[in-house]
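Some notes on the structure that comes next.
Note that these values count all heavy atoms, side chains included, but never hydrogens, waters or copies made by symmetry.
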Amino acid sequence: QVQLVESGGGLVQAGGSLRLSCATSGSTFGNYAMGWFRQAPGKEREFVGGIKWRGGSTAYADSVKGRFTISRDNAKNTVYLQMNSLKPEDTAVYYCAARLSLILSTTPESYAYWGQGTQVTVSS
């Protein structure tokens, strides 16, 4: 049974940094694509970025490109979202998601597995 557990959220001032972690278990993730999504109050869930577990190639939404970095640690079965130069508009619940595919997708519906989410709040 695939399980994803996010951690690392919190309150930070604008311009600050946070690193989110997504610990995975229950499968061999070499054939998975991992996505990070976020959802702010009253808004739809949106793609932040993703990484192919095999090979490590990444993709990012334009709104976070150059500020956020996604990486993975194979030994720890963990995916990270390093967030720098945070802005108030980055405030949201952040989710880690997994899909059994070698192709990254930006649509939430294509991911079968989700974590519980972690709150990120950026104050101005």
Side-chain angles (χ1 to χ4, degrees):
Q1 181 177 353
V2 173
Q3 289 191 320
L4 309 175
V5 179
E6 301 100 333
S7 60
L11 173 64
V12 63
Q13 289 188 330
S17 298
L18 281 175
R19 188 178 78 159
L20 306 184
S21 299
C22 174
T24 69
S25 62
S27 183
T28 303
F29 285 86
N31 293 324
Y32 279 73
M34 306 296 296
W36 283 98
F37 291 80
R38 67 186 181 186
Q39 188 165 20
K43 294 188 176 182
E44 293 186 352
R45 193 167 297 190
E46 65 172 355
F47 177 77
V48 173
I51 186 167
K52 297 180 183 180
W53 203 281
R54 180 178 299 180
S57 60
T58 56
Y60 300 93
D62 288 343
S63 59
V64 306
K65 203 171 292 184
R67 300 188 297 123
F68 291 11
T69 303
I70 297 173
S71 61
R72 81 220 187 290
D73 185 325
N74 291 335
K76 295 183 178 179
N77 293 325
T78 300
V79 177
Y80 302 99
L81 177 64
Q82 177 67 44
M83 305 185 294
N84 298 328
S85 303
L86 282 162
K87 305 175 181 179
E89 51 264 43
D90 294 318
T91 295
V93 176
Y94 283 71
Y95 298 90
C96 173
R99 64 191 300 253
L100 184 55
S101 172
L102 297 180
I103 300 173
L104 277 171
S105 172
T106 63
T107 59
E109 294 77 14
S110 64
Y111 288 79
Y113 306 101
W114 292 84
Q116 82 287 354
T118 185
Q119 176 70 47
V120 171
T121 303
V122 184
S123 63
S124 57

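- A disulfide (SG to SG under 2.5 Å) check over residues 15-124, counting only residues at least two apart or in different chains, returns the pairs Cys22-Cys96.
- Listed by first then second residue, pairs satisfying disulfide (SG to SG under 2.5 Å) with a partner in residues 43-95 number zero, not counting sequence neighbours.
- Tyr95 meets the ring-ring contact (aromatic ring centres under 6.0 Å, His included) test with no other residue; sequence neighbours excluded.
- Residues passing the salt bridge (charged side-chain N to carboxylate O under 4.0 Å, His left out) test with Lys65, sequence neighbours excluded: Asp62.
- Annotation: side chain to side chain contact (heavy atoms under 4.5 Å, CB included) contacts of Ser101 (sequence neighbours excluded): Arg99, Ile103.
- Scanning both residues, Leu86 and Val12, for their nearest heavy atoms gives CD1-CG1, 3.6 Å.
- Grouping the Ile, Leu, Val, Met, Phe, Trp and Tyr side chains by contacts below 4.5 angstrom, directly or via other members, places Val79 with Leu100.
- Annotation: salt bridge (Lys or Arg N to Asp or Glu O under 4.0 Å) contacts involving residues 47-57, sequence neighbours excluded, are absent.
- Linking Ile, Leu, Val, Met, Phe, Trp and Tyr whenever their side-chain heavy atoms come within less than 4.5 Å leaves Trp36 and Val93 in two separate clusters.
- For residues 72-81, the set of pairs meeting the side-chain hydrogen bond (donor to acceptor under 3.5 Å, both in side chains) definition, not counting sequence neighbours, comprises Trp53-Asn74.
- Of the inter-residue distances, the one linking Ser85 atom OG with Lys87 atom NZ reads 8.0 Å to the nearest 0.5 angstrom.
- Considering all non-hydrogen atoms of both residues, Ile70 and Tyr60 come closest at N-OH, 2.7 Å.
- Checked against salt bridge (charged side-chain N to carboxylate O under 4.0 Å, His left out), Glu46 has the following partners two or more places apart in sequence or in another chain: Arg38.
- Among all heavy-atom pairs drawn from Thr24 and Met34, the shortest one is CG2-CE, 3.8 Å.
- Remark: Val120 engages Leu18, Leu20, Met83, Tyr94, Val122 in a side chain to side chain contact (heavy atoms under 4.5 Å, CB included) (not counting sequence neighbours).
- Heavy-atom minimum distance, Ala33 versus Leu104: CB-CD2, 3.9 Å.
- Between Ala14 and Ser124, the shortest heavy-atom contact is CB-CA, 4.4 Å.
- For residues 105-124, the pairs satisfying ring pair (Phe, Tyr, Trp, His ring centres under 6.0 Å) are Phe37-Tyr111, Phe37-Trp114, with sequence neighbours left out.
- Here the CG-CD distance, from Leu11 to Gln119, works out to 9.5 Å after rounding to the nearest 0.5 Å.
- With sequence neighbours excluded, the residues that form a side chain to side chain contact (heavy atoms under 4.5 Å, CB included) with Ser27 are Val2, Phe29, Tyr32.
- For the salt bridge (charged side-chain N to carboxylate O under 4.0 Å, His left out) test, residues two or more places apart in sequence or in another chain that qualify with Arg67 are Asp90.
- Looking at every heavy atom in both residues, Glu6 comes nearest to Thr118 through CB-CG2, 4.0 Å.
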